[in-house]
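Since the model is a prediction, treat every value here as computed from it, not as a measurement. When a residue number appears, it is its place in the shown sequence, counting from 1.
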Amino acid sequence: MSEKRFDPKKADKLVDPGRQEKVPQEKVVELLALSGEEKIVDLGAGNGYLTLPLARQTTERVMAVDVEDGMLTMLDQRAKEAGIRNIDRMISQIEQLKFPDAMFDRAVAAFVLHEVDGIERTLKEISRVLKSGGQLLVLDWEAHESDDGPPLDHRIHSSRMKGFLENAGFKTEEGYLNSDIYYISAHKSS
């Protein structure tokens, strides 16, 4: 396991009800401006903190991608308990996705891009699987000390992340969920 990768032994932390205060699911859904018919890929889906609410907002399939089979198994169990049936899963690194070009309308990369090797290549790969005009929503930890999140040397500052996205051909808008967590809504050029 990469030293930057999230430890699956801490999976319960991802679905702790207190997480709603820092990462409100309804705000993430709102930032994606869903009409209800989008194909969505959740990159680094983990045990489904965002996957489940996204699946409730579309009649299409939601693809949950994670490198840890155990995390996706937890996601499956949570989806069954919630009666959600439009989630598929794939074990994969996000640096090399096993999807055809232009498959998804929306992509979410929450707290995962700071873990990848080769962010420029990873963003090109995400762009490849997004349809023209598609949206990538990035959530990550701002590069300053805080009680939560990864060590400071693993974080990517919001301005640097924005630069990576723009270099990959995305048009960006950024904001903050709180002082520790930023979002960047990145649209693929048509």
Side-chain angles (χ1 to χ4, degrees), residues 1-29 31-32 34 38-58 60-99 103-119 121-123 125-126 129-130 136-141 146-151 153-156 161 177 180-184:
M1 180 170 72
S2 164
E3 77 172 57
K4 290 183 179 180
R5 195 173 298 156
F6 181 80
D7 183 353
K9 294 176 187 161
K10 299 178 182 178
D12 289 346
K13 190 175 179 179
L14 298 178
V15 292
D16 182 286
R19 191 168 188 216
Q20 240 329 74
E21 292 175 30
K22 281 213 170 238
V23 186
Q25 294 164 321
E26 64 279 355
K27 177 66 175 175
V28 173
V29 170
L31 288 167
L32 288 167
L34 301 172
E38 291 85 2
K39 285 186 179 179
I40 304 168
V41 61
D42 187 357
L43 302 163
N47 55 6
Y49 179 75
L50 294 174
T51 315
L52 273 61
L54 292 172
R56 287 186 186 106
Q57 297 299 317
T58 185
E60 287 289 339
R61 308 299 296 173
V62 175
M63 178 60 72
V65 176
D66 204 281
V67 295
E68 296 286 341
D69 185 44
M71 296 294 270
L72 292 172
T73 300
M74 287 182 240
L75 183 152
D76 278 348
Q77 184 60 41
R78 293 184 64 237
K80 272 185 199 160
E81 290 169 5
I84 298 172
R85 295 188 175 98
N86 63 330
I87 298 174
D88 298 314
R89 63 183 223 165
M90 178 180 285
I91 300 169
S92 177
Q93 294 184 351
I94 65 172
E95 294 95 323
Q96 190 169 9
L97 297 167
K98 303 168 189 169
F99 303 114
M103 182 170 176
F104 298 102
D105 302 291
R106 303 283 191 278
V108 177
F111 310 103
V112 69
L113 290 177
H114 67 268
E115 295 180 356
V116 302
D117 293 322
I119 192 161
R121 181 181 72 239
T122 302
L123 292 174
E125 182 68 353
I126 295 169
V129 302
L130 276 174
L136 165 61
L137 181 64
V138 175
L139 304 174
D140 224 317
W141 298 94
S146 64
D147 294 336
D148 297 318
D153 65 333
H154 292 191
R155 300 176 186 215
I156 301 171
M161 182 71 78
L177 296 180
D180 293 334
I181 299 169
Y182 64 85
Y183 67 83
I184 301 177

* Shortest non-hydrogen contact from P150 toward W141 -> CD-CD1, 3.2 Å
* Asked: Do the side chains of L113 and I94 get nearer than 4.5 Å, heavy atoms only?
  -> yes
* Structure fact -> Exactly one of T51, I91, I87 clears side chain to side chain contact (heavy atoms under 4.5 Å, CB included) with L72, and that residue is I91
* What are the two closest non-hydrogen atoms of D66 and G44, and how far apart are they? -> OD2-C, 3.4 Å
* Asked: Taking L43 as the fixed residue, which of L97, T122, V116 is the one that meets the side chain to side chain contact (heavy atoms under 4.5 Å, CB included) rule?
  -> L97
* Return yes if some donor-acceptor pair links the side-chain N/O of D42 with the main-chain N/O of L50 below 3.5 Å, else return no. => no
* Structure fact -> Scanning both residues in full, the closest heavy-atom pair of V129 with F99 reads CG1-CB, 4.0 Å
* Do D180 and D147 come close enough that some side-chain heavy atom pair is under 4.5 Å? -> no
* Could you tell me whether the side chain of R155 and the main chain of H114 form a donor-acceptor pair under 3.5 Å? => no
* Check: I40 and L34 side chains under 4.5 Å, non-hydrogen atoms -> yes
* Any V28 side-chain heavy atom under 4.5 Å of L137 side chain -> yes
* Report the distance from atom CG of D140 to atom CZ of F111, rounding to the nearest 0.5 Å. => 6.5 Å
* **Derivation and outcome, side-chain contact (heavy atoms from CB on, under 4.5 Å), residues I119 and M161** => CA-CA 9 Å; I119 192 161; M161 182 71 78; 3.7 Å; yes
* To do: Rounded to the nearest 0.5 Å, what's the gap from CD1 on I126 to CZ on R121? Could you check?
  => 11.5 Å
* Could you grab the distance from atom CD of E125 to atom NZ of K98, nearest 0.5 Å is fine? => 11.5 Å
* What closest approach, in Å, do A55 and I84 show between heavy atoms, and which atom pair accounts for it? -> CB-CG2, 3.6 Å
* Donor-acceptor under 3.5 Å (E95 side chain, G118 main chain) -> no
* Are more than 12 heavy atoms from other residues, nucleotides or ligands located less than 6.0 Å from atom NZ of K22? -> yes
* To do: Give, for atom CZ of R61 and atom CE of M103, the distance between the pair rounded to the nearest 0.5 Å.
  => 10.5 Å
* **Under the salt bridge (charged side-chain N to carboxylate O under 4.0 Å, His left out) test, residues paired with R89 that sit two or more places apart** => D69, D76
* Closest non-hydrogen atom pair between G48 and L75, with its separation -> CA-CD1, 3.4 Å
* Asked: Is Y182 close to I156 at the side-chain level, that is, under 4.5 Å between some pair of heavy atoms?
  -> yes
* Minimum heavy-atom distance V65-S92, with the two atoms named -> CG1-O, 3.6 Å
* Asked: Does Q25 reach the main-chain N or O of Y49 with its side chain, forming a donor-acceptor pair under 3.5 Å?
  -> yes
* Take L123 and L136 through the side-chain contact (heavy atoms from CB on, under 4.5 Å) test and state the conclusion after the steps. => CA-CA 9 Å; L123 292 174; L136 165 61; 4.1 Å; yes
* **Sidechain-backbone polar pair: D105 side chain, K39 backbone, donor-acceptor under 3.5 Å** => yes
* Asked: Sequence neighbours excluded, which residues qualify as side chain to side chain donor-acceptor pair (under 3.5 Å) partners of Q96?
  -> none
